[in-house]
Amino acid sequence: MVKICCIGAGYVGGPTMAVIALKCPAIEVVVVDISKPRIDAWNSEQLPIYEPGLDEVVKECRGRNLFFSTDVEKHVAEADIIFVSVNTPTKTRGLGAGKAADLTYWESAARMIADVSKSDKIVVEKSTVPVKTAEAIEKILTHNSKGINYQILSNPEFLAEGTAIDDLFKPDRVLIGGRETAEGRKAVQALKSVYAHWVPEDRIITTNLWSAELSKLAANAFLAQRISSVNAISALCEATGANVTEVAYAVGKDSRIGPKFLNASVGFGGSCFQKDILNLVYICECNGLPEVANYWKQVIKINDYQKSRFVNRVVSSMFNTVSGKKIAVLGFAFKKDTGDTRETPAIDVCHGLLGDKAQISIYDPQVTEDQIQRDLAMGKFDWDHPMHLQPTSPTAFKQVSVVWDAYEATKNAHGLCILTEWDEFKTLDYQKIYDNMQKPAFVFDGRNVVDPEKLREIGFIVYSIGKPLDAWLKDMPAVA
Ligand SMILES: NC(=O)c1ccc[n+]([C@@H]2O[C@H](COP(=O)([O-])OP(=O)(O)OC[C@H]3O[C@@H](n4cnc5c(N)ncnc54)[C@H](O)[C@@H]3O)[C@@H](O)[C@H]2O)c1
Ligand SMILES: O=c1ccn([C@@H]2O[C@H](COP(=O)(O)OP(=O)(O)O[C@H]3O[C@H](CO)[C@@H](O)[C@H](O)[C@H]3O)[C@@H](O)[C@H]2O)c(=O)[nH]1
């Protein structure tokens, strides 16, 4: 029986391995992690991450051919194929701080593999890593290889949170990069045969190692660039009376452009886009390509601009101050159908409002109060370290309350910000919300979830990203 071990039981390692176990009953899959609470949660009824469809997959295979364990060394030693899916945060100190990937966790995993292995291994990069990481990993593994043969493969993951299970069941492509040697090709075939259990052959792409590593960074940069492009246009729509939804639809109808990923928003979030673009920028700079680096940097600059533009809209519309005013925030996760808050634009928006001394009441169907308080207190990039290594949060923000109901959050509020596109926000009773808010009552829709005309009929003053402005907002400066 082929044995797979995955180091890192996170958003990628957990769902990816669960699907491999489901689709390949003859393979034993063990997911290991240094975090005991995380492994305990994977072994419980309350999985550590919320992902539609995940519970069913785990329930079917856990205890059959899917196992979760903290006994990292034992399972690494026994495995034929080792996936490494650990954190690759942005460096906060030293050379490349604020841009380069911090490979501490990857390096310690590689050293441990080298220490405990007694048989040949295929080591698969599942984490997103800088180009040429495989070369460094190879050096660590082969430095004291005791005659063991290691083949390194790059197999970046393209799943998106909230749709992870669907993405894994029907991937647009699976990408496998390997060495162009006989052993390298054999290893690529071995991994290909795992995916071939359910992925059509023409969707499994094989390349050299560096193409696979770079394709992952490039794909995320292209995706994020589309959002920054439509968000840049949203600012121009507001200035001219055009409607960004109409513009995006018309633009996306061109089959060369396509309709997906053109939703204007308060900004993109999530653990990947910013981190991976910063990483790409750093690699360009290190390779003497400052013009290319600056091109991609602009994607992040527009994203930051979009978030601060939103905060400025809120403050300037509400008579240039939100001091002491109650602002309801609906949605804190970085997108719908996940409880993940890493790099969520809600953090920046809340910081902006707190900077103007607002009282904030937050409701998100999947994010706990503890998580929100930790996020607001955390330093930049600290979120991307294993939970038990993150700094413990100091005192909670007293101006922030977290409630479990949208109506409670909006009661007596002066303004309401929609920051995540949860479906339930589309069908709230906005008349009831209006009746219970202070007047004039403001809605700032950062996700284009509500129908602005219907809300205006109720009496709200409405700002929706990239939509024609309410008469009230027309004379206000876009960026105060
Ligand atoms: N989240 C996504 O949607 C996504 C998608 C594609 C790729 N990625 C990439 O995948 C990688 C993992 O991302 P994630 O979101 O799953 O992160 P995560 O923080 O959810 O999970 C990483 C896990 O690795 C564990 N870990 C760290 N060092 C370890 C070690 N030495 N031994 C054992 N366990 C260790 C941590 O405790 C943590 O549970 C990152 O490189 C990320 O960029 C993420
Ligand atoms: O038209 C759009 C699409 C997305 N977003 C925002 O962009 C962010 C990222 O969304 P999405 O890409 O759907 O989720 P992620 O889970 O971050 O997935 C991205 O990052 C992963 C990690 O690398 C990759 O594997 C995926 O392919 C890539 O889509 C979220 O804040 C979304 O709200 C928009 O604002 N407008």
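In listed order, ligands and their atoms are each counted from 1. One-based numbering along the sequence shown.
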For [X], is the nearest heavy atom under 4.0 Å from an atom of ligand 2?
X	value
K260	no
T128	no
K216	yes

Q.
Show me which atoms of ligand 1 lie under 4.0 Å from any heavy atom of I7.
A. 32 (N), 33 (C), 34 (N)
Q.
So which atom in N87 and which in H385 form the shortest heavy-atom distance, rounded to 0.1 Å?
A. ND2-C, 3.7 Å
Any idea which protein heavy atom is nearest [atom], and the distance to it?
atom	value
atom 21 (C) of ligand 2	L159 O, 3.6 Å
atom 17 (O) of ligand 2	F334 CE1, 3.5 Å
atom 5 (N) of ligand 2	I227 CD1, 3.4 Å
atom 35 (O) of ligand 2	S265 OG, 2.6 Å
atom 27 (O) of ligand 2	F158 O, 2.7 Å
atom 1 (O) of ligand 2	N263 N, 2.9 Å
atom 29 (O) of ligand 2	L223 CD1, 3.8 Å

Q) For ligand 2, which part of R447 has a heavy atom less than 4.0 Å away: the side chain, the backbone, both, or neither? A) side chain
(Q) Does only the side chain of T344 get under 4.0 Å from ligand 2, or the backbone, or both, or neither? Count heavy atoms. (A) neither
(Q) So, regarding F273 and ligand 2 (criterion: nitrogen or oxygen to nitrogen or oxygen, under 3.5 Å), is there a contact or not? (A) no
Which of the ligand 2 atoms, numbered from 1, are nearer than 4.0 Å to a heavy atom of [X]:
X	result
G269	8 (C), 9 (C), 30 (C), 31 (O)
N220	20 (O), 22 (C), 23 (O), 24 (C), 28 (C)
A160	14 (O), 16 (O), 18 (O), 29 (O)
E161	16 (O)

Which part of [X] is near ligand 1, with near meaning a heavy atom under 4.0 Å away: side chain, backbone, both or neither?
X	answer
C272	side chain
V72	neither
S271	side chain
S127	both
K216	side chain

Q: Please determine if D276 has a nitrogen or oxygen closer than 3.5 Å to a nitrogen or oxygen of ligand 1.
A: no
Q) ligand 1 and T88, any nitrogen or oxygen pair closer than 3.5 angstrom? A) yes
When you measure from [atom] to each heavy atom in [options], which option holds the nearest one?
atom	options	value
atom 2 (C) of ligand 1	E161, R342, E73	E161
atom 25 (C) of ligand 1	V32, I113, D33, V86	D33
atom 42 (C) of ligand 1	R111, K275, E157, E125	K275

Q | Parallel, tilted or perpendicular: ring planes of W198 versus Y195, cut at 30 and 60 degrees | A | tilted
Q: Check whether any heavy atom of H385 sits under 4.0 Å from an atom of ligand 1.
A: no
Q: Check if N87 has a non-hydrogen atom at a distance under 4.0 Å from any atom of ligand 1.
A: yes
Q) Are R173 and F158 in a cation-pi contact, defined as NZ or CZ under 6.0 Å from the six-membered ring centre and within 45° of the axis? A) yes
Q | NZ or CZ of K336 within 45° of F425 ring axis and under 6.0 Å | A | no
(Q) Using a strict threshold of under 4.0 Å (side-chain N to carboxylate O), is an ion pair present between D115 and R111? (A) no
